[in-house]
A.B. asks: 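First the structure, which I've put down as structure tokens, then a few questions once you've had a look.
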Amino acid sequence: MYKDSPFLDDRYDAVTIENRGKKFWEEKKVYQYDATRSRQDTFMIDTPPPTVSGSLHIGHIFSYTQTDVIARFQRMTGKTVFYPIGWDDNGLPTERRVQNYFNIACNPNLPYDPNFKPEHIENDKSPRKEVSRKNFIEACEILTNSDEKIFEDVFKNAGHSYDWNLKYTTIGNDTIKLSQESFIDLYEKGYIQSVEAPTMWDTTFQTAVAQAEVEDREVEGFFHDLKFKVEGSDDTFIISTTRPELLPACIGIVAHPDDERYKHLFGKKAIVPLFDIAVDIVPSEHAEIDKGTGIMMVCTFGDSADVAWWKKTGSPLKQIIDMDGRMMKVQYGTYPFDSLNPEKANQNYSQLVGLTTKQAKAKIVELLRADGTLQGEPRRIVHPVKFYEKGNLPLEFVSSRQWFIHLLPEKEAMVKAGREIGWKPAHMQHRFEEWALGLNQDWCISRQRFFGVPFPVWYPVNADGKTDYDHPILADRKQLPVDPAVDVPNGYKEEQRGCAGGFVADKDVMDTWATSALTPQIALDKAKNPNLSLPFDVRPQAHDIIRTWAFYTVAKALLHSKTIPWKEALISGFILDPDRKKMSKSKGNVITPQHLIDSYGADSVRYWAARARLGVDTAFEEQIMSQGKKLVNKIFNACKFVFNIVANSSLKEEANYAQYIQNPMDKSWLRKLSDSLEYATKSFNQYDYAAALDAIESRFWDFCDNYLEIVKSRAYSEDNTSAVASLMKTIDTFILAFAPFVPFIAEEVYQTRTWKKGDESVHNQNWPKVEDFEALQAGDSSLYDTVSMIASEIRKAKTAANKTQRTPVVKVEIEASEKLRSVLEMGKGDIENVGRLTPDALTFKEGKELKVLDVQLDMDFVPEPKKK
RNA sequence: GGGCGGUUAGCUCAGCUGGCUAGAGCAUCUCGUUUACACCGAGAGGGUCAGGAGUUCGAAUCUCUUACCGCCUACCA
């Protein structure tokens, strides 16, 4: 596949080289994980499965490449790398994309239509077609399959070294089975329970959401000052509320116990305007004296403080907001909707029924104004409101039955686990710990959605036709995976579904995190290798999902097997817009990863990613990719040059370099090289790939600018074996050291090396060893340093004189100590060559410090026109 | 309100446990066809290391403090 001769006449061409590399690696199965190796000899990566909903963006390539660089380094340390890849294709993002793409919606009540074929029509304005759950899931699968193919190509083009045999999907049967097993295991261990309770509810998607999926948004609202009367007196007080539409669900009035303004009211009852509900006025610590008017109403439910107060006091639940965010029908005069004047209450409430909360707010303000309750005009404020991160309407607290994993009692264990994990950068551990300590709700894992992992659960239906949620029937582990809507629990028949004395399925699906928190276990399941177990070596991920993915993965590993899931968490930064805002797809000028690979080459894009440190958000800077391209081009040309030198020398084959490298200058250079290699190796072992790249890259430019210039004429001379052997060793080292970062060019030059042909990939070779340089008797670096310095001074003199570097030098006077002078004598020939000194131009003067005192050029020199 | 990070050249960023005249790339300017490389080479200019105080023989680096930027978090009436 690779050419026999070096590419002496070629120019660097990324497309050719990268296609060749990709094909070679696939044929050679370079990235195949070796299951015969021990755990100790295996490096295990818990790769993040990207969400398959639309397209990859450059942030993916950025962080995934960083991981790939580490994977390639680890592979070169002689380990087999367990590097799976997965697609996160279940869950809401996929559903939304499928709905829009095929213009369909899921209606679980419809029967399956085997003839239905989803079709994508551009700008389809027709109403959304309703399809059965099974049809909907099939449509999801069609779209995710084609998206995944595109993702796969991009990752391969970027040179990522996953073992595609270990590919998994989060909606695949194996994953469903594992998620359901996880559920049953945690249920049996007592960590999971279904609870009927007020839960944060998204009215748009009509599903419960977990604390981790909630975000605050600053939105505009209005303070409405409402006058409340006190029962049996002429007393009144003013409440400032942003949610007057919750007035009908008022269950109490609270003020701070120390608030002098309201102390006299405690124990009395207030009359809720419009509905004439008599509610207790009680002291509560959670009321703040200087907020609003200091006195406020508690409704079911405005916020989580209301929920807490409601729970504490055992007050009745007055649910007035429906699952779809509209005002439900309620009857005043019947429990719990007590009223002193049910007729008036019902009359007022009837005007709200069926309205959205927003409409109801406007309506009730109208009523309050007419009623004289509203004092002055509503005052505009901006305040934080909780939203589901994917939703557009504020969350409501709605009471419903949901499955919860009890994490609150595990806080301490979670903190401890977080401390056992090595976070890179270290301060990311704070994020984890802060979140663990701040947790105030158990993990709600049920979602009222369709494209997800169903709960392996049914419920018995009593003789009276009522569903018994307190005695769920769990699937037998042997049955898994199950779809309770289709499958039947052991001991029942399909005919009993939905009948008295029979059973019904749990309709919900699991939170997508409940599945992705199992990625280590899913990957292990793929490997089917009993040698492997938790913890993995590393989990790469971004910092925005520490509270979700990282947190839940730690939780599940802890609850299932009392272990941490991985030894290290490598937290990547974000790519920011040039204006330092977080990059978002909605911003128009989308630069896709493939586009970047096409215009700069994969190696250059990888270089850009590898330059950024872990955890550091970086502005997107295309110039860095140009810099990468320059580097790759330079590697190509430097190798080409050295190949040429070697081909023209007497030493053409790989040999015992130590035997040949005798020139002190070469030994001195090899010391510099081994120093950089040592630093890079140390950095890599601490996952600091960026520092490793920096060390290797700067030494490489030093090599091209200085060492190569210094030795090249000696390398072409009669007595060239030391120089040639040194160059061979140098290039060998650079090829290997660059391989994790720029794998395509590394493979190309490795395969076309003139002095040794191998049929194995450079990526299965061993990382160069620092100890090897001892065997080469790498010398003291001072000779190389001083000669480089002198050469630089001579260049400066020529540049300052506006003369070409070919200009002969007739005198160089150097001040040096006796000791250094004897060192410099060893490099005399090289100095004369690189500076184009005339014989005897080099003179020394005794002195303490090294200095170039004088450089005199042959001012009469006229360069001959160069032959082309 | 609490926590965490950041502030170094016009731009993007390095500077490890305090130690040569604070670095790189890009950009700017000057020059140059050298046995690979014009996707090139040589060089120059450009910094009160956000401000202040302290520790020290010595601070970009350690301590305190102020300002600004960003992220996370918080019961949001």
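Order of the sequence lines sets the chain letters (A, B, ...), proteins ahead of strands, with each chain counted from 1.
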A.B. asks: So for A/Glu709 and B/A36, does any side-chain atom that can act as donor or acceptor lie under 3.5 Å from a complementary atom in the base?
C.D. replies: yes

A.B. asks: Determine the Euclidean distance between corresponding C1' atoms of B/C26 and B/A60; express it in Å to zero decimal places.
C.D. replies: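 It comes out at 23 Å once rounded to the nearest Å.
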
A.B. asks: For B/C26, take OP1 and OP2 only and decide whether either is under 4.0 Å from a side-chain N or O of A/Lys630.
C.D. replies: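 A/Lys630 to B/C26 OP1/OP2: side-chain N or O found under 4.0 Å.
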
A.B. asks: Check whether any side-chain N or O of A/Gln623 sits under 4.0 Å from OP1 or OP2 of B/C39, and answer yes or no.
C.D. replies: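 The answer is no; no side-chain N or O of A/Gln623 sits under 4.0 Å from OP1 or OP2.
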
A.B. asks: Measure from CD1 on A/Ile624 to P on B/U12 and round the result to the nearest Å.
C.D. replies: 10 Å

A.B. asks: Check this one for me: any side-chain N or O of A/Lys291 less than 4.0 Å away from OP1 or OP2 of B/C75?
C.D. replies: no

A.B. asks: Under 4.0 Å, heavy atom to any atom of RNA chain B: which of residues 599-616 of chain A qualify?
C.D. replies: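 RNA chain B contact set from residues 599-616 of chain A: A/Arg613, A/Val616.
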
A.B. asks: For A/Ile546 and B/G5, give me the distance from atom CD1 to atom P, rounded to whole Å.
C.D. replies: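 The distance from CD1 of A/Ile546 to P of B/G5 comes to 13 Å, rounded to the nearest Å.
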
A.B. asks: Whole-Å distance between B/C37 P and A/Ile645 CD1?
C.D. replies: 12 Å

A.B. asks: Using the P atom on both, measure B/G18 against B/C62 and round to a whole Å.
C.D. replies: 8 Å

A.B. asks: State whether a side-chain donor-acceptor pair under 3.5 Å links A/Tyr707 with A/Ser726.
C.D. replies: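 A/Ser726 and A/Tyr707 do have a side-chain donor-acceptor pair below 3.5 Å.
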
A.B. asks: Nearest-Å distance, NE2 (A/His543) to C1' (B/C71)?
C.D. replies: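 Roughly 7 Å, once rounded to whole Å.
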
A.B. asks: NA contact type, A/Asn648, heavy-atom cut-off 4.0 Å: base, sugar-phosphate, or nothing?
C.D. replies: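 No contact.
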
A.B. asks: From C-beta outward on A/Trp701, which listed nucleotide comes closest to its side chain: B/G41, B/C39, B/G5?
C.D. replies: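 So the nucleotide nearest the side chain must be B/G41.
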
A.B. asks: When you check the gap from the basic side-chain N to the acidic O, do A/Asp225 and A/Arg379 get nearer than 4.0 Å?
C.D. replies: yes

A.B. asks: Select base, sugar-phosphate, or nothing to describe what A/Cys299 touches, counting heavy atoms under 4.0 Å on all strands.
C.D. replies: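 If one applies the 4.0 Å heavy-atom cut-off, A/Cys299 turns out to touch nothing in the nucleic acid.
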
A.B. asks: Less than 4.0 Å between a side-chain N and a carboxylate O, is that true for A/Lys634 and A/Glu697?
C.D. replies: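 Salt bridge: no.
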
A.B. asks: What is the distance, rounded to the nearest whole Å, between atom CZ of A/Phe636 and atom P of B/C40?
C.D. replies: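 Result: 14 Å.
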
A.B. asks: Rounded to whole angstrom, note down the P distance from B/G41 over to B/A14.
C.D. replies: 24 Å

A.B. asks: Side chains of A/Gln805 and A/Thr799: is there a donor and an acceptor less than 3.5 Å apart?
C.D. replies: yes

A.B. asks: With a 4.0 Å cut-off on heavy atoms, is A/Lys796 in touch with a base, just the backbone sugar-phosphate, or nothing at all?
C.D. replies: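 Sugar-phosphate contact only.
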
A.B. asks: Across the strands shown, which category fits A/Glu218 at heavy-atom distances under 4.0 angstrom: base, sugar-phosphate, nothing?
C.D. replies: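 No contact.
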
A.B. asks: Nearest of B/C37, B/C13, B/U35 to any side-chain atom of A/Arg11?
C.D. replies: B/C37

A.B. asks: Identify which nucleotide among B/C4, B/A36, B/G41 has an atom closest to any side-chain atom of A/Asp705, counting heavy atoms from C-beta outward.
C.D. replies: B/G41

A.B. asks: In whole angstroms, how far is the C1' atom of B/U73 from the NZ atom of A/Lys386?
C.D. replies: 9 Å

A.B. asks: Heavy atoms under 4.0 Å, any strand shown: does A/Ser792 hit a base, just sugar-phosphate, or nothing?
C.D. replies: sugar-phosphate

A.B. asks: Counting only side-chain N and O atoms of A/Lys803, is one of them less than 4.0 Å from OP1 or OP2 of B/A42?
C.D. replies: no

A.B. asks: For atom P, what is the distance between B/C29 and B/A67, given to the nearest Å?
C.D. replies: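 To the nearest whole Å, 42 Å.
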
A.B. asks: If the C1' atom of B/U12 is compared with that of B/A74, how far apart are they to the nearest Å?
C.D. replies: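 The answer is 35 Å between these two C1' atoms.
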
A.B. asks: How about A/Trp309 and A/Phe301: are their ring centres within less than 6.0 Å of each other?
C.D. replies: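 Not under 6.0 Å, so no.
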
A.B. asks: Ignoring backbone atoms, test whether A/Arg795 places a side-chain nitrogen or oxygen under 4.0 Å from the OP1 or OP2 oxygen of B/G41.
C.D. replies: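 Negative; the distance criterion is not met.
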
A.B. asks: Would you mind telling me which residue lines up with the more 5' stretch of RNA chain B, A/Lys798 or A/His286, judged by nearest nucleotide?
C.D. replies: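 Upstream on the strand: A/Lys798.
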
A.B. asks: Considering every strand and a 4.0 Å limit on heavy-atom distances, what is the contact class for A/Glu621: base, sugar-phosphate, or nothing?
C.D. replies: sugar-phosphate

A.B. asks: Restricting to non-hydrogen atoms, name the atom on A/Arg547 and the atom on A/Val214 that form the minimum distance, rounded to 0.1 Å.
C.D. replies: NH2-O, 3.3 Å

A.B. asks: For A/Phe643 and A/Trp755, what are the C-alpha separation, side-chain angles and deciding distance, and is it a ring pair (Phe, Tyr, Trp, His ring centres under 6.0 Å)?
C.D. replies: CA-CA 8 Å; A/Phe643 292 175; A/Trp755 54 89; 5.5 Å; yes

A.B. asks: Of all the choices, B/G2, B/G25, B/U33, which nucleotide is nearest to the side chain of A/Glu434 once you look at every atom?
C.D. replies: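 Closest of the options to the side chain of A/Glu434: B/G2.
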
A.B. asks: For A/Phe703, does the six-membered ring have the charged nitrogen or CZ of A/Arg699 within the cation-pi criterion, i.e. under 6.0 angstrom from the centroid and within 45° of the normal?
C.D. replies: no

A.B. asks: Are any of the side-chain nitrogens in A/Asp785 or A/Lys672 under 4.0 Å away from the carboxylate oxygens of its partner?
C.D. replies: yes

A.B. asks: Whole angstroms only, please: what is the CE-P distance between A/Met789 and B/U21?
C.D. replies: 16 Å

A.B. asks: Report yes if a donor N or O on one partner sits less than 3.5 Å from an acceptor N or O on the other, where the partners are the side chain of A/Lys634 and the base of B/C37; otherwise report no.
C.D. replies: yes

A.B. asks: Rounding to an integer number of angstrom, what distance separates B/C31 and B/G70 when you compare their P atoms?
C.D. replies: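 Pairwise P distance, B/C31 against B/G70, rounds to 44 Å.
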
A.B. asks: Are the ring of A/Trp435 and the six-membered base ring of B/C72 within the stacking cut-offs of under 5.5 Å and under 30°?
C.D. replies: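 No, A/Trp435 does not stack on the base of B/C72, since the centre distance and plane angle fail the 5.5 Å and 30° test.
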
A.B. asks: Of the nucleotides B/G5, B/U35, B/C72, which has the atom closest to the A/Arg547 side chain?
C.D. replies: B/C72

A.B. asks: Taking the side chain of A/Ala305 as heavy atoms from C-beta outward, which of B/A42, B/C75, B/C37 is closest to it?
C.D. replies: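 Comparing B/A42, B/C75, B/C37 against the side chain of A/Ala305, the answer is B/C75.
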
A.B. asks: Taking only the C1' atom of each, what is the distance from B/U66 to B/U56 in whole angstrom?
C.D. replies: 23 Å

A.B. asks: Only pairs at least two apart or in different chains count here, so list each salt bridge (Lys or Arg N to Asp or Glu O under 4.0 Å) that has a residue in residues 432-443 of chain A.
C.D. replies: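 Listed once each, the pairs are A/Arg419-A/Glu433.
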
A.B. asks: From the options B/G25, B/C75, B/C39, select the nucleotide whose nearest atom is closest to the side chain of A/Asp303.
C.D. replies: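 Minimum distance to the A/Asp303 side chain belongs to B/C75.
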
A.B. asks: Check the orientation of A/Trp513 and A/Tyr552. Use parallel for under 30°, tilted for 30 to 60°, and perpendicular for over 60°.
C.D. replies: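 Tilted: the ring planes of A/Trp513 and A/Tyr552 meet at 30° to 60°.
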
A.B. asks: By nearest atom, which of the nucleotides B/A74, B/C39, B/C75 is closest to the A/Ser304 side chain?
C.D. replies: B/C75

A.B. asks: Classify the angle between the aromatic ring planes of A/Phe641 and A/Tyr716 as parallel (below 30°), tilted (30 to 60°) or perpendicular (above 60°).
C.D. replies: tilted

A.B. asks: Within the pair A/Thr799 and B/G41, is there a side-chain N or O less than 4.0 Å away from OP1 or OP2?
C.D. replies: no

A.B. asks: Would you please confirm or rule out a distance under 4.0 Å between OP1 or OP2 of B/U34 and any side-chain N or O of A/Thr804?
C.D. replies: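 Yes, because at least one side-chain N or O of A/Thr804 sits under 4.0 Å from OP1 or OP2 of B/U34.
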
A.B. asks: Whole Å only: how far is the NZ atom of A/Lys712 from the P atom of B/U34?
C.D. replies: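 Rounding to the nearest Å, NZ of A/Lys712 and P of B/U34 are 10 Å apart.
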
A.B. asks: Anything under 30° is parallel, anything over 60° is perpendicular, the rest tilted; go ahead and classify A/Trp608 against A/Phe620.
C.D. replies: perpendicular

A.B. asks: Given B/U34, is OP1 or OP2 found less than 4.0 Å from the side-chain N or O atoms of A/Arg836?
C.D. replies: no

A.B. asks: Determine the sole option in A/Arg836, A/Lys798, A/Glu832, A/Lys803 for which the side-chain contact (heavy atoms from CB on, under 4.5 Å) test with A/Val809 is passed.
C.D. replies: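 The passing option is A/Lys798.
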
A.B. asks: With P as the reference atom in both, quote the distance from B/U55 to B/U63 in angstrom, rounded to an integer.
C.D. replies: 15 Å

A.B. asks: Taking the side chain of A/Arg431 as heavy atoms from C-beta outward, which of B/C71, B/A38, B/C75 is closest to it?
C.D. replies: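 Comparing B/C71, B/A38, B/C75 against the side chain of A/Arg431, the answer is B/C71.
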
A.B. asks: What stems involve RNA chain B, if each pair must be Watson-Crick or G-U and both of its distances must be under 3.5 Å, with 3 or more such pairs in a row?
C.D. replies: B:1-7 with B:67-73, B:10-13 with B:23-26, B:28-32 with B:40-44, B:50-54 with B:62-66

